[in-house]
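Structure, as structure tokens:
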Amino acid sequence: MPELPEVETVRRGLYDLIIGREIKAVEHDTPKSFPNAAADVEQFLIGAKITDVRRRAKVLLIDLATEYTLVIHLKMTGQLVFRVAGIAFGAGHPNDSLIGELPDRSTRVTFTFADGSHLYFNDQRKFGWVRLMPTLEVPNIDFMKKVGPEPLEHDFTAEQFTERFARRAKSPIKAALLDQTVVAGVGNIYADESLWGAKIHPLTKVGDVTKNEFKKLYSELRDVMNLSIEKGGSTDRNYVNAEGKKGSYIDFARVFRREGKPCPRCGTTIIKFKAAGRGTHICPHCQVLK
DNA sequence: CACTTGACCTGTCCGC
DNA sequence: TGCGGACAGGTCAAGT
């Protein structure tokens, strides 16, 4: 579910809500969602205060004063929702809330803070996970060692972006865009949206994408991700922010989940097919396979 | 090493 | 209404 803009939205929300809070207890319904040794939990999590909330690619990092970090991946259906004790943000709230009382049946991990508030990790499909590890070891995780640069960093240039694709010359551009070791944080929504913006067919071989097309793809990807962060991310099904509310980027999407509707640029009917193993949306007039 | 496919899970939607 | 199958925003491991 969540891609870079969604994870960043959760990060910003959590940053404002949980910094300085002290963890009093943790419960989980499945070891898969929280695969940590009880001794580590007792020593480095319980009683620890939260000092920072960071993000790298689609991974959330909640730093603790014990110099341990909660490393969290939401995968397809993960949610991290904060609730003040006794107050249900879901009930009686405007219709931007997707969930009601917590915990619910998808709640996998519950953190209870010393003041009685809670942080819930919900995950319908159980692909996601929360792991506790020393802060200094986080960069040594295989994923962190292999993951590509952050596309929204100010000093990340179009030239660097283009170079990252060089070794994937024979891949369809969409598969390479989704490859986290090329560039961090791109998922199915922003791959389709940025390829439409740059007028590139998703099955175009990387080696056939011109320098100018890469330049356009680079700026479209950054624009679409920045716009999404501004809109609080995309809620297609499950995604909610740290307060349990939906994001609205999907209302601004040009092709994603808009099959059968007109292309906003030329009016041609948008089609959906399978590319790189994923549902893929294009305008067949604007995006032509070379 | 580059590239593709299937697996991991649960829920929902669509066609019969 | 019931049931089987396809599909869902992400990685991994194992295959070629």
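Convention: sequence-line order gives letters A, B, ...; per-chain numbering from 1. Bear in mind the structure is a predicted one, so any value in this text is a computation, not a measurement.
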- [ ] Check whether any side-chain nitrogen or oxygen of K32(A) sits under 4.0 Å from OP1 or OP2 of dC8(B), and answer yes or no.
- [x] no
TODO: Could you work out the separation of dC9(B) and dA14(C) based on their P atoms and round it to a whole Å?
DONE: 15 Å
Task: Pair assignment for dC9(B), Watson-Crick or G-U wobble, requiring both distances under 3.5 Å - done: none
Task: Ring geometry between F113(A) and F82(A) (parallel below 30°, tilted from 30 to 60°, perpendicular above 60°) - done: tilted
Open item on the list: Are more than 12 heavy atoms, taken from residues, nucleotides or ligands other than K211(A), located less than 6.0 Å from that residue's NZ atom?
Closed with: no
- [ ] Would you kindly give the CD-to-C1' distance between E6(A) and dG10(C), to the nearest whole Å?
- [x] 12 Å
Task: Stacking check F127(A) vs dC8(B) (5.5 Å / 30 deg) - done: yes
Open item on the list: At less than 4.0 Å, is any side-chain N or O atom of K170(A) found next to OP1 or OP2 of dC3(B)? Yes or no.
Closed with: no
- [ ] Whole angstrom is fine here: how far is it from CG in N188(A) over to C1' in dT11(C)?
- [x] 13 Å
- [ ] Look at all strands and tell whether G277(A) reaches a base, only sugar-phosphate, or nothing, counting heavy atoms closer than 4.0 Å.
- [x] nothing
Task: CD/E22(A): more than 12 non-hydrogen atoms of other groups inside 6.0 Å - done: yes
Open item on the list: Under 4.0 Å, counting only non-hydrogen atoms across every strand here, what does G279(A) touch: a base, just sugar-phosphate, or nothing?
Closed with: sugar-phosphate
Open item on the list: Using whole Å, what does the distance between atom C1' of nucleotide dC7(C) and atom CG of D236(A) come to?
Closed with: 12 Å
Open item on the list: Would you say H73(A) places a side-chain N or O within less than 4.0 Å of OP1 or OP2 belonging to dG10(C)?
Closed with: no
- [ ] Give the rounded distance in Å between these two atoms: CG of L177(A) and P of dC3(B).
- [x] 14 Å
TODO: Describe, in one word, how the ring planes of Y190(A) and Y249(A) are oriented to each other, choosing from parallel (under 30°), tilted (30 to 60°) and perpendicular (over 60°).
DONE: tilted
Task: More than 12 heavy atoms from other groups under 6.0 Å of NZ on K49(A) - done: no
Open item on the list: If you assign each of K146(A) and Q124(A) to its closest nucleotide in DNA chain C, which residue comes earlier from the 5' end?
Closed with: Q124(A)
Open item on the list: Over all strands shown, is R257(A) touching base, sugar-phosphate only, or nothing at heavy-atom distances under 4.0 angstrom?
Closed with: sugar-phosphate
Task: Of the listed nucleotides dC9(B), dT4(B), dG10(C), the one nearest the side chain of E3(A) - done: dG10(C)
Task: Gap between atoms CG and P, on D179(A) and dC1(B) respectively (whole Å) - done: 14 Å
- [ ] Round to a whole Å and report the spacing from NZ of K274(A) to C1' of dA8(C).
- [x] 10 Å
Task: side-chain N/O K75(A) vs dC8(B) OP1/OP2, d < 4.0 Å - done: no
Task: Atom pair distance, as rounded to whole Å: CD in E259(A) and C1' in dC13(B) - done: 13 Å
Open item on the list: So P172(A), base contact, sugar-phosphate only, or nothing? Heavy-atom distance under 4.0 Å.
Closed with: sugar-phosphate
Task: Test applied, salt bridge (charged side-chain N to carboxylate O under 4.0 Å, His left out); reference residue, E150(A); option that passes from K58(A), R56(A), R164(A) - done: R56(A)
- [ ] Assign S234(A) to base, sugar-phosphate, or nothing according to its heavy-atom contacts below 4.0 angstrom with the strands shown.
- [x] base
Task: Length of the line joining W129(A):CH2 and dG10(C):P, which is rounded to integer Å - done: 15 Å
Open item on the list: Is it the case that the base of dA8(C) and the side chain of R125(A) share a donor-acceptor contact (distance under 3.5 Å, atom types as modelled)?
Closed with: yes
TODO: Looking only at side-chain atoms of S171(A), point me to the closest of dC9(B), dT11(C), dC3(B).
DONE: dC3(B)
Task: Proximity to the side chain of R168(A) - top-ranked nucleotide from dC7(C), dC3(B), dT11(C) - done: dC3(B)
TODO: Just call it for K272(A): base, sugar-phosphate, or nothing, with non-hydrogen atoms closer than 4.0 Å on any strand.
DONE: sugar-phosphate
Open item on the list: Below the 4.0 Å mark, does dG11(B) have OP1 or OP2 next to a side-chain nitrogen or oxygen of R105(A)?
Closed with: yes
Task: P atoms of dA6(C) and dG6(B), separation to the nearest Å - done: 12 Å
Open item on the list: Are there over 12 heavy-atom neighbours, none belonging to Y15(A), within less than 6.0 Å of that residue's OH?
Closed with: no
TODO: Give one of base, sugar-phosphate or nothing for F143(A), where a contact means two heavy atoms less than 4.0 Å apart.
DONE: sugar-phosphate
